[in-house]
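In the text below, chain A, chain B and the rest are named by the order of the sequence lines, each starting its count at 1. Below, all heavy atoms of this structure are taken into account, side chains as well, without hydrogens, waters or symmetry copies.
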Amino acid sequence: MALPPPDPQFVLRGTSAAVHTLHFSCGGPEPDIPLLFSGSENGFIHVWNLKTHRVDTALDGHGRKSICHVETMGGKDRLLSQGRDQRICLWDLAEGRTSVTDSVFTEHVGFCRCSLLKVAQGRWLMAVAARSLEEVQILELPSKTSVCTLKPEVGAKLGMPMCLKLWQLSCGSQPVLLAGYEDGSVVLWNVSMGKVLSRLTCHQEPVMSLDFDSEKAKGISGSSEKVLSIWSLNEQQNLQVYKTHELVNAGISDITIRPDKKIVATAGWDHRIRIFGWKKLKPLAVLDYHTATVHCVSFSDHSNPRDRLLAAGSKDQRISVWSIYAQT
Amino acid sequence: VCFIPGGLDCSISFVSHVLGKVCVHGRQKEILGVLVPRLTNLTKSDCIWRRICWRLVECVPDRWMEAVVLGFVQKAPGADVLSRLLGNLVVKNKKAQFVVTQKILLLQYGHTTAVLQNLLGYLSLDGLRRTLLHKVLQELLETWSSSSAVKHSSAEQQLYISKAILLCLSHLKEPEIESCRQDLLTSMMEGMKCHLDSNLPQLRRLGMVVAESISLKINTEGPVLKFEYEEDDETRELKSLLVQTPSFCVVPSLPDDDRSEKAGAALPLVPESDEKCRTAAPVMPDEESDAELDSDDDLIPYDMSEDKELKIKAPVYIRDCIEVLSGSRSEDVDKWEATVKALESLVRKNPAATREVSVELAKILLHLEEKTCIEGFVELRQRAQVAVLTTDPIPVAKYLTSQFYSLNYSLRQRMDILDVLVLAAQELSCPKFHGKIKHSGAQKPCIQLLPGSDSSKDWRRIVDERIKSKTRRFDMGQPRVELASRPNEFNCVAGYFFFPLIQHFDRPLTTFDLLGEDHLVLGRLVHTLAILMYLAVNTVAVTAMGKALLEFVWALRFHTDSYVRQGLLSCISSLLLSVPMEQILADMTEELLETQSWLGDVMEKDPDGDCRRLALQNLLLMENLKKKLEAVPS
């Protein structure tokens, strides 16, 4: 007899706008407070205190334009935020400061979230959609120098890049980029040479979100249709479709794999969060709390497995936080 | 008939005379049936025989030349044979030239496609004759693109000319097309305009096929004109003519499947996935991962039975529907969609509530535009309108008929009003029909032409069947199943539907002139009135309606558009079927006699085949009704 799905552990209210992006920062040792960063449509980044469930700070750096991505860079004191004012801001939040230390003007007017990858101590690579419609630019941070521009060949007709994921197999190896495009294909790019390694058409509609498990060389992508596509990367660096899963309702905004690679969470347009087992994509739970499209899901990085949380931000302006499958 | 072979110099003018005389007396088939095969064989390789043959036809006196040439053209099994037999007769002989280039092509239209192929192929096979081919093409195009020709000539003649044009095009070579490209383009544009303006779908299709073919020929690279229309045998046959058939083939080649498929799609198909992309079959999971399976089973799924498809609830009350549709909260498009889909059934289930807001609802529906892409939006809207109209006929009919003649409505909206009135009238008068009639309101994208009178074709069939049932009553042996009778709900409201429509037809508005450019709407209006008349059988207002209709028909009887005339004749049929004959004879005797003489006129002289047929049916109907009346002892 299956249990009914759990209720959220708590719900954060107070953003007064649709929530587009979430990021946990709970890895610090005690007495550090676990934090949740959220970016909203009204241009504010809220820093939530997960002990008091209240907003500690509200950051306003994007001219009230919607925030599409927030991510910490090595600790909760440095934050990167991407907004629809075509800027990426780097924040210094140490010791209660809330200042923008640097910003990158991307000239990108779309919704593609940037992707960060730490390549060395204090050095990151960032993949961001560029000004020209089909291109992705790789920048090095904090120097903001351009490493290369990934331009699809003429006639490829990929459309806009919709989602990006930079990764490397192990520290020191070649960084690679997985990009999902408007035409429904996922492309694997070799960043240093700027070449396409493999291209896989796995959707009929634009790829809305993707995530990749570099250990198992398996990735998952969702689009505006009813199908989730799981693909794998073989030794020749070729992408192949591994499996597809059909959903009850169409539309996925976000997919994320838990850091322990056991479960995957998807944020759906049908207001529901779905949890699957990562190994065989076995459906595990459907969390039905929100009353509007769920825009983002994020897993926490707690060092103690039992404290692990899942957060989901929705158009109904609430952030639901769940504790699910935390015992494994 | 046998000829003396050898090098004898003989005069065959005597034979030509005989041939000519026989042909002119109408015996072409017999004599040429023997002559042509023999000559075909003889002239196959022998030059002398060819010269003899040419001499033979050249010596035929002018007064008999036409019959001979016509006979040869009809009898020859192919263009090359014709070429061998006739040689350059058309160049040398003026009469033959006239027959071939003018008479057969432009003045007659009863010949088969094979004859056309022979003729035009013959013209194309020799350099001297090719100039004639160009001249012919020019003249054909002139006729094709002249609007008066399109309006006044019959459909058969237009088909014939179109075939001839396509055959000429198929024979033209590249350099020749280059030289007359500009003229081709001009004629194509002109002709396309006249053809698309016509109300008859067959003519429109003809125009589209020919224009497409011309465009194909003159734009060998680059985008080609493509229309979207329904393929049928006629269009397929026409398109097959454009392909050069080998000269020994007489029968038109089988429809070229590639072409008809290509022409059917107006937009190029989206290319399937690139060859470079991989869409390999899913990789089966490895067998070795058995050991890993266990750890996955640790995660116990929760109950997911609540996970169903998300359904947006439509409003349950009519007033809520009105609020959603009138766009006060425009962001909620899901709700709008759900409302549009649910509206018809809501209206039918809540007649009392609908009656309170009927005119407002009708207004909203008339102006409702497609906000999101719903399948079958036009049909949904129409059904909702019909539901509203049948629930509260009088006020809504008053509203709709007044709007028909108001400013600032599109033609599409006005025709929608007519369609809705007809469907509602149909439903009110025979409720059992509801649901059986197909709605053909779906509009297609791309070059959009107003859909033809499909609904009136169904009605024409029904009316025709009624006429048939009345004119051949003595034939019907089987007993008819008695249909359950219900009171005709259309009775009380027929007048409200009918009279306002007929009132203002001659008053032009700034944007709407029934008697002028908007003859398509006039045609539809006339057909609508015919149907309303037909449905008003056994109602109280039928006599008054009949009288008004007769006056209306009389005013418009000489309209130039054949679609309008067909409508007028259907009006007469409906009138004769619906108004009891006693009433007609009592009130409208003079008009009836005048109508009868007009019908006789139409039957003999009208260029359109359908009009003639309808006029004949009307006359027969009149006769039968009169007889029936006289047979009944009063």
TODO: Of all the heavy-atom pairs spanning A285(A) and Y302(B), show the shortest one and how long it is.
DONE: CB-CD1, 3.6 Å
TODO: Could you look at I324(A) and say if it's the side chain, the backbone, both or neither that has a heavy atom under 4.5 Å from chain B?
DONE: side chain
Open item on the list: Can you confirm whether more than 12 heavy atoms, excluding those of F10(A), are under 6.0 Å from its CZ atom?
Closed with: yes
- [ ] Using non-hydrogen atoms and a 4.5 Å limit, figure out which bit of D288(A) sits close to chain B: side chain, backbone, both or neither.
- [x] neither
Open item on the list: Looking at Y325(A) and I300(B), would you say the former's side chain and the latter's main chain have a donor-acceptor pair under 3.5 Å?
Closed with: yes
Open item on the list: For the CD atom on Q182(B), are there more than 12 heavy atoms of other groups (residues, nucleotides or ligands in this structure) within a distance under 6.0 Å?
Closed with: no
- [ ] Give, as side chain, backbone, both or neither, the part of I263(A) having an atom under 4.5 angstrom from any heavy atom of chain B.
- [x] side chain
- [ ] Might you point out which heavy atoms bring P5(A) and D303(B) nearest each other, and give the distance in Å?
- [x] CD-O, 3.4 Å
- [ ] Might you confirm whether atom NZ of K165(A) has over 12 heavy atoms from other residues, nucleotides or ligands at distances under 6.0 Å?
- [x] yes
Open item on the list: Using a 6.0 Å cut-off, check whether atom CD of Q204(A) has over 12 heavy atoms from anything other than its own residue.
Closed with: no
Task: Over 12 foreign heavy atoms within 6.0 Å of NZ, K349(B) - done: no
- [ ] Please report the shortest heavy-atom distance between P301(B) and P283(A), naming the atom on each side.
- [x] CB-O, 3.7 Å
